[in-house]
S.K.: 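Take this structure, written in C-alpha cells, and hold onto it; I'll ask about it next.
Remember, it's 1-based here, ligands and their atoms both numbered in the order they're listed. Note that these values count all heavy atoms, side chains included, but never hydrogens, waters or copies made by symmetry.
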Amino acid sequence: MSFLAAALDRVKPSATIAVTDKARVLKAAGRNVIGLGAGEPDFDTPDNIKQAAIKAIQDGKTKYTAVDGIPELKEAIIGKFQRENGLAYKPNQVIVGVGGKQVLYNALMATINPGDQVIIPAPYWVSYPEMVALAGGEPVPVVCTAAHGFKLQPEALEKAITPKTKWLILCSPSNPTGAAYTKAELKALTEVLVKHPHVWIMTDDMYEHLVYDDFVFTTPAQVEPSLYDRTLTVNGVSKAYCMTGWRIGYAGGPAQLIKAMATIQSQSTSNPCSIAQWAAVEALNGPQSFIPANNKVFKERRDLVVSMLNQANGIECPRPEGAFYVYPSCAGTIGKTAPSGKVIDNDEAFVTELLETEGVAVVQGSAFGLGPAFRISYATKTSDLEDACKRIQRFCGNLR
Ligand code: PLP
C-alpha cells in the first residue's frame, strides 16, 4: 500500500507548470528557448504598489492579521465590487486568500460532498477539475468548440445539469482561450440557472480588466441579480496589477459560504501575507491608469500573434476578446511527419516536437480539455513573440 493519500490518485500535476519546467531545463542546458507557457504578465508591479508594501514593513504591519483579510483591504474590495461591478457586499461577505487559487480551492473544499458534480466548460483552467476531484467531487466538463467561440451554450448547460450538480464554474475572460462572454451571452446562461435553484455559480473574474476592442466586461450576479445569493464572485490582483508573486485573491458571496471558507483557511494557511495585503489595498484604491496602458500592449501582441499564426500551415487561430492567451487549433498538422521522423499524432506530440526542434514552449490543448490545439501566453516581450511565431511558421512549414 502506498504511503500517499488515495486522494492523490485523483489529481494530475499541472501541465502548464510541467511545460514551464521543461523549458527551464532546456534553457539551463544552453538552448535558446522562448517560453510561452506561463500565465503571468511580463510587466513589473507598479511602483506605488511596491512603495505601499515597503511602508507596511516600515510601519510594522508584520504580524498575523484577521484570517479573512485586514478590514482596510476588505473595504477596498467592497469599493471595487461596487464601483466596477455594481455589486454590494458587506465585510462578512468578503474573503481575502493566498491568490485567487486558494479562494477557489477553499470554496470547493467548503461545499463539495462525495459525488457532487461541478460543471466546467472546456477548455478550462487546468486547476478546476483537479481541485474538484481533490475535494471528492466529480468534474463534469462540457466541451465548448471554437465554432461557438469556446463559450458554453445555454442548451449544453441545461443538458449537463443533474440533481447532483452543485456548481457551475465560469471563467471570463478565459484561461486558456481568452474568450469572454458578452452581457447577452451571460444572460442566456443565467436564464438557465434561474430555473435550477440548487446550482450555484462560481465565477472566476481574474482577467476582468484584460479585455480589448471596447469589450464590456460583466459578471453573472450583475447580469442576473436574482442569482446574487448563490454566486461566488472570485477575483484578484495577480493579473491586471502584475502581482502574481504577491499572492492576493479575493471573493464576494453569501456570508455563510464565506464563513465556511474562512474556517478552512484558518486551519490551513491562516491570513495571506500582511505586507501583500497592504500592497493590494494600494492596487485597488490607487491609480488605475497603467491598466489601459498595459492593455494597449497586450492587444497589439494579440493581433500580432493571431495574424502570424494564421499564416502557419495547418494552424487556425481565433481572435479572442481578452486575457493574454490565444488557443489555436493544430488539427491541420495532425498525421504529418516532422524532419526528425516523428509523427505528429496529437497535440502533445506537436508541442513536444516544437519545443525540441524550435525551442518554443507552449501547452497542449488536451491538457485544458479540448484538442488538438495549443495555448500561447502572449504576456511576453513582443520581440520574443515575433521570433516564436516565426519559429512556429517554420516548424509547421517543415511538416510533411
Ligand atoms: N483563475 C485563473 C483562470 C487563472 O488563470 C489563475 C492563474 O493562472 C488563477 C485563477 C489564480 O490566480 P492567483 O495567482 O491569484 O492565484
S.K.: Which residue and non-hydrogen atom of the protein lie closest to atom 12 (O) of ligand 1, and at what distance in Å?
M.R.: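 Of every protein heavy atom, Met206 CE, 3.8 Å lies nearest to atom 12 (O) of ligand 1.
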
S.K.: Among Arg394, Arg391, Arg31, which residue satisfies the salt bridge (Lys or Arg N to Asp or Glu O under 4.0 Å) criterion with Glu358?
M.R.: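 Going through the options one by one, the only one that passes is Arg394.
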
S.K.: For ligand 1, is Ser238 a contact, meaning one of its heavy atoms is under 4.0 Å away?
M.R.: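 Yes, that is the case, since the closest heavy atom of the residue is under 4.0 Å from the ligand.
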
S.K.: Do Lys50 and Asp44 sit within salt-bridge range, that is, some charged N less than 4.0 Å from a carboxylate O?
M.R.: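 Yes, charged N to carboxylate O under 4.0 Å.
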
S.K.: Taking the minimum heavy-atom distance to atom 15 (O) of ligand 1, which of Gly97, Gly100, Ser172 ranks first?
M.R.: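 Among Gly97, Gly100, Ser172, the closest heavy atom to atom 15 (O) of ligand 1 belongs to Gly100.
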
S.K.: Look at atom 2 (C) of ligand 1 and find which of Asp204, Asn175, Val126 reaches it with the closest heavy atom.
M.R.: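 The nearest heavy atom belongs to Asp204.
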
S.K.: Tell me whether Gly249 reaches ligand 1 (any heavy atom closer than 4.0 angstrom to a ligand atom).
M.R.: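 Heavy atoms of Gly249 never come under 4.0 Å of ligand 1.
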
S.K.: Which word best sums up how the rings of Tyr228 and Tyr89 line up, parallel for under 30°, tilted for 30 to 60°, or perpendicular for over 60°?
M.R.: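 Because their plane-to-plane angle is under 30°, the rings of Tyr228 and Tyr89 count as parallel.
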
S.K.: Quick one: look up the protein heavy atom nearest atom 6 (C) of ligand 1 and list residue, atom name and how far away it is.
M.R.: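 Heavy-atom neighbour on the protein nearest atom 6 (C) of ligand 1: Trp125 CZ2, 3.5 Å.
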
S.K.: In this structure, does ligand 1 have an atom that sits under 4.0 Å from one of the heavy atoms of Tyr105?
M.R.: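 No, Tyr105 has no heavy atom closer than 4.0 Å to ligand 1.
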
S.K.: Which of the atoms of ligand 1 are close to Cys171, meaning less than 4.0 Å from one of its heavy atoms?
M.R.: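 So the answer, numbered in order with elements, is 3 (C).
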
S.K.: Contact between ligand 1 and Gln102 is defined here as a heavy atom of the residue under 4.0 Å from a ligand atom; is it met?
M.R.: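 The answer is no, since Gln102 has no heavy atom less than 4.0 Å from ligand 1.
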
S.K.: Assign the ring pair Phe290 / Tyr241 to parallel, tilted or perpendicular, where the plane angle (0 to 90°) is split at 30° and 60°.
M.R.: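 Geometry flag for Tyr241 against Phe290: perpendicular rings.
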
S.K.: Under 4.0 Å, heavy atoms only, figure out whether ligand 1 is touched by the backbone of Tyr128, its side chain, both or neither.
M.R.: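 Contact part for Tyr128 vs ligand 1: side chain (C-beta onward).
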
S.K.: Find the distance between CG (Asp347) and CZ (Arg375) and round it off to the nearest 0.5 Å.
M.R.: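 One gets 13.0 Å once the value is rounded to the nearest 0.5 Å.
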
S.K.: Are the ring centres of Phe298 and Phe43 closer than 6.0 Å?
M.R.: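 When the ring centroids of Phe298 and Phe43 are compared, they turn out to be within the sub-6.0 Å range.
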
S.K.: Looking at non-hydrogen atoms alone, which of Lys239, Lys101, Arg247, Met243 comes nearest to atom 11 (C) of ligand 1?
M.R.: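 Selected option, by shortest heavy-atom distance: Lys101.
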
S.K.: For a side chain to side chain contact (heavy atoms under 4.5 Å, CB included) check, start with the C-alpha distance between Leu370 and Tyr327, then their side-chain angles and the critical distance, and finish with the verdict.
M.R.: CA-CA 10 Å; Leu370 180 67; Tyr327 200 76; 4.1 Å; yes

S.K.: May I ask you to decide whether Asp387 forms a salt bridge with Lys390, counting only side-chain N to carboxylate O separations under 4.0 Å?
M.R.: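 A salt bridge is absent here (no side-chain N lies under 4.0 Å from a carboxylate O).
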
